[in-house]
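First comes the structure, then the notes that go with it.
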Amino acid sequence: MAALGIATGGRNWFSALALGVTLLKCLLIPTYHSTDFEVHRNWLAITHSLPVSQWYYEATSEWTLDYPPFFAWFEYALSHIAKYFDQEMLNVHNLNYSSSRTLLFQRFSVILTDELFVYAVHECCKCIDGKKAGKELTEKPKFILSVLLLWNFGLLIVDHIHFQYNGFLFGLMLLSIARLFQTTPNERVREGTWPFKVPLAVSLLNHRNIISFDPQIPVRWVHPMEQFQLCPSYFPGTDCFPSFCSFIGSFPSLGLELKLLDPNKIPKASMTSGLVQQFQHTVLPSVTPMATLICTLMAILPSVFCLWFKPQGPRGFLRCLILCALSSFLFGWHVHEKAILLAVLPMSLLSVGKAGDASIFLILTTTGHYSLFPLLFTAPELPIKILLMLLFTIYSISSLKTLFRKEKPLFNWMETFYLLGLGPLEVFCEFVFPFTSWKLKYPFIPLLLTSVYCAVGITYAWFKLYVSVLTDPPVRKTKKQ
Amino acid sequence: MEKWYLMAIVVLLGLTVRWTVSLNSYSGAGKPPMFGDYEAQRHWQEITFNLPVKQWYFNSSDNNLQYWGLDYPPLTAYHSLLCAYVAKFINPDWIALHSSRGYESQAHKLFMRTTVLIADLLIYIPAVVLYCCCLKEISTKKKIAHALCILLYPGLILIDYGHFQYNSVSLGFALWGVLGVSYDWDLLGSLAFCLAINYKQMELYHSLPFFCFLLGKCFKKGLKGKGFVLLIKLACTVVASFILCWLPFFTEREQTQQVLRRLFPVDRGLFEDKVANIWCSFSIFLKIKDILPYHIQIIISFCFTFLSLLPACIKLTLQPSPKGFRFTLVSCALSFFLFSYQVHEKSILLVSLPVCLVLSEIPFMSTWFLLVSTFSMLPLLLKDELLMPSVVTTMAFFIACAISFSIFEKTSEEELQLKSFSISVRKYLPCFTFFPRIIQYLFLISVITMVLLTLTTITLEPPQKLPDLFSVLICFVSCLNFLFFLVYFNIIIMWDSKNGRNQKKIN
């Protein structure tokens, strides 16, 4: 009983947090899942049933294997466990097969691979300096960081409702960052390297243009191999993302409705897109992949130069990383809204260090998470996304405010007003608009508003972070922190 | 209170767990012709909306009482009527007379689940939050932890949001009653409790402690002065609230009698289906239902129930205190559950609520009891295909309690509130110092048995000759546990004295 007492005592709060969120993930098993569910089932079937030479040629299903080989091997490994759950899911011809056992297996595979993420968070917590922490457990930076990462709203709804394997990927990324923080300056370059070789390949998992990093060259930019559509100027239920593109992309739609454009000249297809296809904007100049590459490079160069010539230690590296992630999110080619997590998760590490970073983090994370709302558009999931969003937002704001209560307030009036505006926006988009007559004529309005509103917040956070990186003094190389 | 945001987070967590559980199946889903409690609630909306009040409780061509006839008091009927108005606004097919029988759809499920959530949010959850905020002699952190554990109690979540019922309404009203009466707002407390009884008649399990506590208060104030005035005021409040609720049914004697017949079906026998009480467990060895006639069964059940709860109630009348009141609620409800007539397995929730209230006083025993109470409903939950949410919510609750209250470090005599009892026992048996160890071993045996039985029920098929073997075993084991708790809670009540308040501040 004494052993049980120690195991369940207050000292093991990390295990309690990890176990708690795992149990919540189990409760999310019966929720809505997107077509990504069928995508992964199909890949399990392909990798299990066919020889390697056929993997990238198989096209019975529309969801052909289009991720790099590492992920294909990952699916292959999973398929060997899948066969004990339901052999039928591994049949390539069983399109849209989703028996209860298949669902259970797929969901549990995400939950279990998330354990890597849990381990990575544990390692990240070791890097946090808890000197100015209060006596209360809930006010310690390690505790706050653990909650911000383990219970991250974006990761929960994208992985465990929408269905993806981001937790596994981000676990590798965070592990690399943690190792970088933990090693001494001399060891850093050598030891920090090993976890990066894997992310280098793995990092192409979900996003066509993801930042990968190598400490020898502070930031390396991975260029997408394929040409894809930039962003639809019409905003269907999928892949609507807040970025600079969405901001300019909104103009053709507005232009049409404000009678600035002749509807006969605009092909109907451009207004009904949702499929991956190439098309041209009719009013504003079409954006090419080369243009986005140039914009992105221009956006990240100042931070990279800053890192080279004005090193600020591991924290500086992390800020540069986040800036690169945000820049590519804002200016990149075919960016998914889920890519905001690439910036939000590493930013959590900075948020418990300085009040300025906490403020930027809160704006970024709140607007970034809200921008994920259109991913879950079914009625039963509406209360879940609102409850979880409120849970995370209230916790993050209140805990960071308490942590930095001795410094100046985290938000000015403008920022407070902006964040509060998310509430009425959600009420309008999900509760008022569907019952108005505009729904038939302008069905894209809620997505447009969401995109533009969040774009403002994310751009502002990017800008503020950039200013702080460029204006902060360099840090002299010190002994291991 | 400071740290209001932590309380907000606790409530949001509770709501999230509730809604995710509600995504699962409900009682009788896709099982014609009778379906289950979900269809019963829908049917009551149909009846109350389409028929005049006078026909709600009567058998007629439009209202077949054999098909889920109304058998709860009028407040449930009014609530169903309210929900029916909203249903009519969204989709009249849901409550169309006759043609809506067995109606099932995703949209309808969403509507029904939302009605449960709203009722919970308006009545039960605020009562829990207020109760925890008003707790004395404990830190803010413990208050929030207490609220978290109560809101995560799996039994209520699984029955209301899984199986489908509105227990949160009656339990919420009862909790408002407890709050009112504990903090000397006696009239409001009585009113709230009357609403609880008029929502579900099973709340009568709590009526004796309320009665004894309030009577005790009147005695304390002096029956010749203020006490008498209070007594009259309380009587008037109770009578007035009953009249208000039953008004449409008081017009004719036949109406009142018929409603009472529906609420208290004495012809249905000592127990129905498997339930973890004495009569069902005893019938494994001796089939009393078949041997004894109905009226003898009622008399025996009455005697046992009242004999077991009398000591605690008498003590509460003579020494009324909020602490005594809470513990008497537990022991009374447990006595009724174990010995009363026509008890259903869900009635254990009536015992669970007061146990939730004493969680911060005896965390170890309360957590243990609440785990057993959820386990005792396992056959019902498995029938409703709620295995995953049951396991997950039980584990979440256990972890929350274990971490919040460090329950395994609180097994000393003093923390189990058995100090006075142990001292009395040691007068006769001086070497009796191993109480905590006995209790710890019993806990381990109990948990291991519950886990083994759960695994067996899930994985194995019962033998053909004994198809109900596992359900009966679950009921039997739970019953043994409950008997132990009955003895334990009665010991606490009887050996509690004012000197016991010299305990260190619980922190």
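Below, chain A is the first sequence line, B the second, and so on; all start at residue 1.
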Check each atom of [X] against the heavy atoms of chain B and say whether the ones under 4.5 Å are side chain, backbone, both or neither.
X        : answer
A:Ile397 : neither
A:Thr402 : side chain
A:Leu19  : side chain
A:Ile386 : neither

Around [X], counting heavy atoms of other residues, nucleotides and ligands shown, do more than 12 lie under 6.0 Å from its [atom1]?
X        : atom1 : answer
A:Phe428 : CZ    : yes
A:Lys83  : NZ    : yes
A:Tyr119 : OH    : no

Write down the atom of A:Asn12, the atom of B:Ile403, and the distance for their closest heavy-atom approach. O-CD1, 4.4 Å
Minimum heavy-atom separation for B:Leu110 to A:Ala379, with atom names? CD2-CB, 3.4 Å
Max heavy-atom pairs within cutoff under 4.5 Å with chain A, candidates B:Thr393, B:Thr20, B:Asn24, B:Leu15, goes to B:Thr20
Interface residue of largest heavy-atom contact number with chain A, from B:Leu6, B:Ile9, B:Leu23, under 4.5 Å: B:Ile9
Side-chain contact test, heavy atoms from C-beta onward, threshold under 4.5 Å: evaluate it for A:Tyr395 versus B:Leu12 and give yes or no. no
Min side-chain heavy-atom separation A:Thr138-B:Lys141 under 4.5 Å: no
Under 4.5 Å from any heavy atom of chain A, what part of B:Met395 do you find: side chain, backbone, both or neither? both
So CH2 of B:Trp19 and OG1 of A:Thr31: to nearest 0.5 Å the spacing works out to 13.0 Å
Which distance, rounded to the nearest 0.5 Å, do you find between the CD of A:Glu136 and the NZ of B:Lys3? 4.0 Å
Applying the side chain to side chain contact (heavy atoms under 4.5 Å, CB included) criterion to B:Thr16, which one of A:Leu390, A:Leu388, A:Leu28 satisfies it? A:Leu388
Among A:Pro380, A:Pro30, A:Ala16, A:Cys26, who wins on heavy-atom pairs under 4.5 Å with chain B? A:Pro380
